[in-house]
Amino acid sequence: MIAAYLLSDKSLGLKSLAFSRLGIEMTPITELIGAGTKQIPMSLVDIRQAADYACADADVTGQLTGLLTDELHKQGLWQLFNDVEMPLVPVLVHMERSGIALDTELLRQMAHRLGEQLIKLEAEIYNCAGHQFNINSSQQLGSVLFDELKLPTGRKTKNGYSTGASVLEELRGSHEIIEHILEYRQLTKLKSTYIDSLPRLVNPKTGRVHTSFNQTRTATGRLSSSDPNLQNIPVRGELGKEVRQAFTAPPGSSLLSGDYSQIDLRSLAHLSQDQGLLDAFNHDEDIHAATASRLFNVDTARVTDDMRRVAKTVNFGVIYGMSDYGLQQATELSRAEAAQFITAYFEKYPGIKKYLEATKQQGRDLGYVETLLGRRRSIPEINSPNYQIREAAERMAINMPVQGTSADIIKVAMVRLYQEMVKRHLKSKMLLQVHDELLFEVPDDELDEMRQLVPEVMSTALKLSIPLKVSINSSRSWGELK
DNA sequence: GCAGTCACG
DNA sequence: ACGTACGTGACTGCG
């Protein structure tokens, strides 16, 4: 763990660490195949040889421990490692081993229904095009839309026309085929990635779906989830919610979720100490409405839905280092209006502007940026002479401390909650983490206690300059949680 | 194995 | 003048 954590790049495994830190060359187990060699799966290796390799692994890991521990101390990262990341390991083990129950019958019904719908959609698309083609091929689709049907071309990719959803959205109304394609894309995505795949992944021994939570994979300190990814289960739209309904609690229990409200903007408020943002959260205001009121110079009560929508986009955009062009693309605004809104935003929140500038400056001076708990991201390209590379690096530098501080917070909450649940001998299980949400399986007789415990621990995980607000919901399925 | 696309926060 | 919002993972097509 210590080696993997310090150098989280996935290409830097034990083998390369052994070489760079200890000068030890570790040879993989290979066999000769023709002219080259091929790695043999461990399951097929002779047991004596496997033992030697296992001992070498343990030996090298032991030798690395001292070196890397020193380095963590020198970089001020020991506390984060020792008090957060290491205690998180058994929590993630528990979550992975627990798995989550899946209503495969519901998914099979959906698969059948969507299959029939897709056949009809295909026919309509072929009819519009005048011939059959592979709708899943963006190359073929681009040729149908832009060469044959002569629709106005938008962005291009390196291999041809872009046919992404944002391009198609702008073509909506110009031809009947566009809407069919958008629907086709949505249905095939959900069907192939979730509805058809998930039932195959139910473990026959446990009858549940078990993900892997990757602790050393991201540049910001977030977790990721893979095989299957349970952090990107659909939620938007009717169909999305229906997929989520297939994630269920067994009889006699419920699923319970604790969600941080606006955690990234709260992280930003704390990091920047911007007075306006702090005040808004301290008064528990609707943050997007509060921003709208400032941007449009109207009372909060007179903020319209449209004004709030723009403010929400700007609030998120700021966390990502958005440009006027980016804001224009994401809204109905013109480029000039978008630029005006960004200027206005920083005038109304001067603390945020100062903070973002200081963060970029730290990146330039030290070569890295950091979160509330000192987690670092190296930003070597922030001094690049190439405008494009440098700007991209600045956006990473702006975003990482915010996203990473939120990750710090929820990780601490997970460790504390798990330890408290063990201490109280609760049978409830922590199942999933989705960046600002924790999902639990809770026996009926523990529901009252967990509904109190989860928000209590989540909201006090770290003490910030503003309250951490947590919403709590329980239901028989993930899709019915609101 | 990469490119394009799209699901999530 | 440049290209254009951060972080992920999975699926399909294609060479």
Side-chain angles (χ1 to χ4, degrees), chain A residues 10 133-142 155-169 181-182 184-198 201 211-214 217-237 239-240 243-244 259-265 267-268 313-331 335 338-339 342 356 369 377 379 385-404 406-407 410 432-438 478:
Chain A
K10 63 179 169 179
F133 64 101
N134 189 341
I135 309 167
N136 290 317
S137 162
S138 43
Q139 210 176 307
Q140 293 179 39
L141 179 62
R155 268 201 323 279
K156 297 190 66 173
T157 64
K158 60 175 65 167
N159 291 322
Y161 309 107
S162 170
T163 65
S166 63
V167 171
L168 297 185
E169 288 292 348
I181 289 166
L182 283 165
Y184 178 89
R185 281 255 176 91
Q186 193 208 350
L187 296 190
T188 50
K189 182 79 175 185
L190 294 186
K191 189 164 184 292
S192 66
T193 307
Y194 307 100
I195 298 166
D196 291 341
S197 307
L198 286 170
L201 298 173
T211 185
S212 293
F213 283 108
N214 313 303
R217 180 74 184 77
T218 69
T220 58
R222 275 189 175 183
L223 298 176
S224 83
S225 159
S226 57
D227 312 298
N229 182 355
L230 295 187
Q231 287 182 324
N232 73 344
I233 299 302
V235 64
R236 293 160 200 165
L239 270 176
V243 172
R244 238 171 223 231
D259 287 70
Y260 283 112
S261 157
Q262 309 292 357
I263 191 168
D264 283 351
L265 282 171
S267 293
L268 176 65
T313 305
V314 179
N315 270 331
F316 280 113
V318 164
I319 298 173
Y320 301 146
M322 174 186 58
S323 66
D324 51 2
Y325 177 86
L327 181 58
Q328 177 208 324
Q329 291 297 309
T331 59
R335 178 101 174 230
I342 292 173
L356 295 180
V369 291
R377 178 177 187 171
I379 314 276
N386 179 314
Y387 173 92
Q388 216 180 130
I389 292 176
R390 189 173 65 247
E391 292 271 310
E394 287 183 358
R395 293 195 297 272
M396 296 175 203
I398 286 171
N399 177 257
M400 183 273 175
V402 176
Q403 192 181 112
S406 302
I410 197 168
L432 299 178
Q433 186 252 47
V434 194
H435 311 304
D436 64 355
E437 169 186 15
L438 294 175
W478 201 8

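Naming: A, B, ... by sequence-line order, numbering from 1 per chain.
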| request: Provide the Watson-Crick or G-U wobble partner of C:dA1, both distances under 3.5 Å; none if there is no partner. | output: none

| task | Using a heavy-atom cut-off of under 4.0 Å over every strand shown, decide if A:Q328 touches base, sugar-phosphate, or nothing. | result | nothing

| message | So A:S406, base contact, sugar-phosphate only, or nothing? Heavy-atom distance under 4.0 Å. | response | nothing

| Do the side chain of A:S323 and the base of C:dT4 come within less than 3.5 angstrom through a donor-acceptor pair of N or O atoms? | yes

| task | Between C:dT4 and B:dA3, how far apart are the P atoms? Round to whole Å, please. | result | 15 Å

| So what does A:M400 touch, heavy atoms closer than 4.0 Å: a base, only the sugar-phosphate, or nothing? | nothing

| said: Does a side-chain N or O of A:N214 approach OP1 or OP2 of C:dT8 to a distance below 4.0 Å, or not? | reply: no

| query | A:S137 side chain to A:Q140 main-chain N or O, any donor-acceptor pair under 3.5 Å? | reply | yes

| field | Phosphate OP1/OP2 of C:dC14 contacted by A:Q140 side-chain N/O (<4.0 Å) | value | yes

| message | Between C1' on C:dC6 and CE on A:M396, what's the gap in Å once rounded to a whole number? | response | 9 Å

| request: Round to the nearest Å and state the distance from A:R217 atom CZ to C:dG9 atom C1'. | output: 9 Å

| remark: Among the nucleotides C:dG7, C:dG9, C:dA10, whichever has the atom closest to the side chain of A:D227 is C:dA10

| message | Between A:R244 and A:I233 (side chain of the first, backbone of the second, donor and acceptor by atom type, cut-off under 3.5 Å), is there such a pair? | response | yes

| request: Using a 4.0 Å heavy-atom cut-off across all strands, classify A:T188 as base, sugar-phosphate, or nothing. | output: nothing

| message | Can you confirm whether the side chains of A:S226 and A:S212 place a donor and an acceptor under 3.5 Å from each other? | response | no

| Between A:Q231 (side chain) and A:Q433 (backbone), is there a donor-acceptor pair under 3.5 Å? | yes

| said: I'd like to check the side chain to side chain donor-acceptor pair (under 3.5 Å) partners of A:Y320; sequence neighbours left out, ordered by chain and number. | reply: none

| In whole angstrom, what separates A:I263's CD1 from C:dG7's P? | 18 Å

| If you measure from the C1' atom in C:dC2 to the same atom in B:dT5, how many Å do you get, rounded? | 26 Å

| message | For a quick test of reading the model: is some side-chain N or O of A:S224 closer than 4.0 Å to OP1 or OP2 of C:dG9? | response | yes

| query | Using a cut-off of 4.0 Å on non-hydrogen atoms, how would the nucleic acid contact of A:R335 be classed: base, sugar-phosphate, or nothing? | reply | base

| said: Without decimals, in angstroms, what is the distance between A:N399 CG and C:dT8 C1'? | reply: 12 Å

| Would you say A:S197's side chain and A:S192's backbone share a donor-acceptor pair under 3.5 angstrom? | yes

| request: Let me know the distance between CE of A:M322 and C1' of C:dG7, rounded to the nearest Å. | output: 17 Å

| field | Distance-only polar pair, side chains of A:T211 and A:S225, donor-acceptor under 3.5 Å | value | yes

| Can any side-chain N or O of A:T193 pair as donor or acceptor with the backbone N or O of A:L190 at less than 3.5 Å? | no

| said: Between C:dG3 and B:dC8, how far apart are the two P atoms, rounded to whole Å? | reply: 31 Å

| task | Would you give a per-nucleotide map of nucleotides 2-9 of chain B, 5' to 3', where B means the base has a protein non-hydrogen atom under 4.0 Å away, S means only the sugar-phosphate does, and - means neither? | result | -SSBBBSB

| said: Does C:dT12 have OP1 or OP2 under 4.0 Å away from a side-chain N or O of A:S137? | reply: no

| query | Rounding to a whole Å, what distance do you find between A:I398:CD1 and C:dG7:P? | reply | 11 Å

| query | Once you round it to whole Å, what is the distance between C1' of C:dA5 and CD of A:E391? | reply | 12 Å

| query | So, do A:Y387 and C:dC2 meet the stacking rule of ring centres under 5.5 Å and planes under 30°? | reply | no

| said: Less than 3.5 Å apart, any donor N or O on the side chain of A:R377 or A:T218 sitting next to an acceptor on the other? | reply: no

| Over how many whole Å does the gap from A:R377 atom CZ to C:dC6 atom P extend? | 10 Å

| request: Quick one: label A:S212 by what it contacts on the DNA or RNA (base, sugar-phosphate, nothing), any heavy atom closer than 4.0 Å. | output: nothing

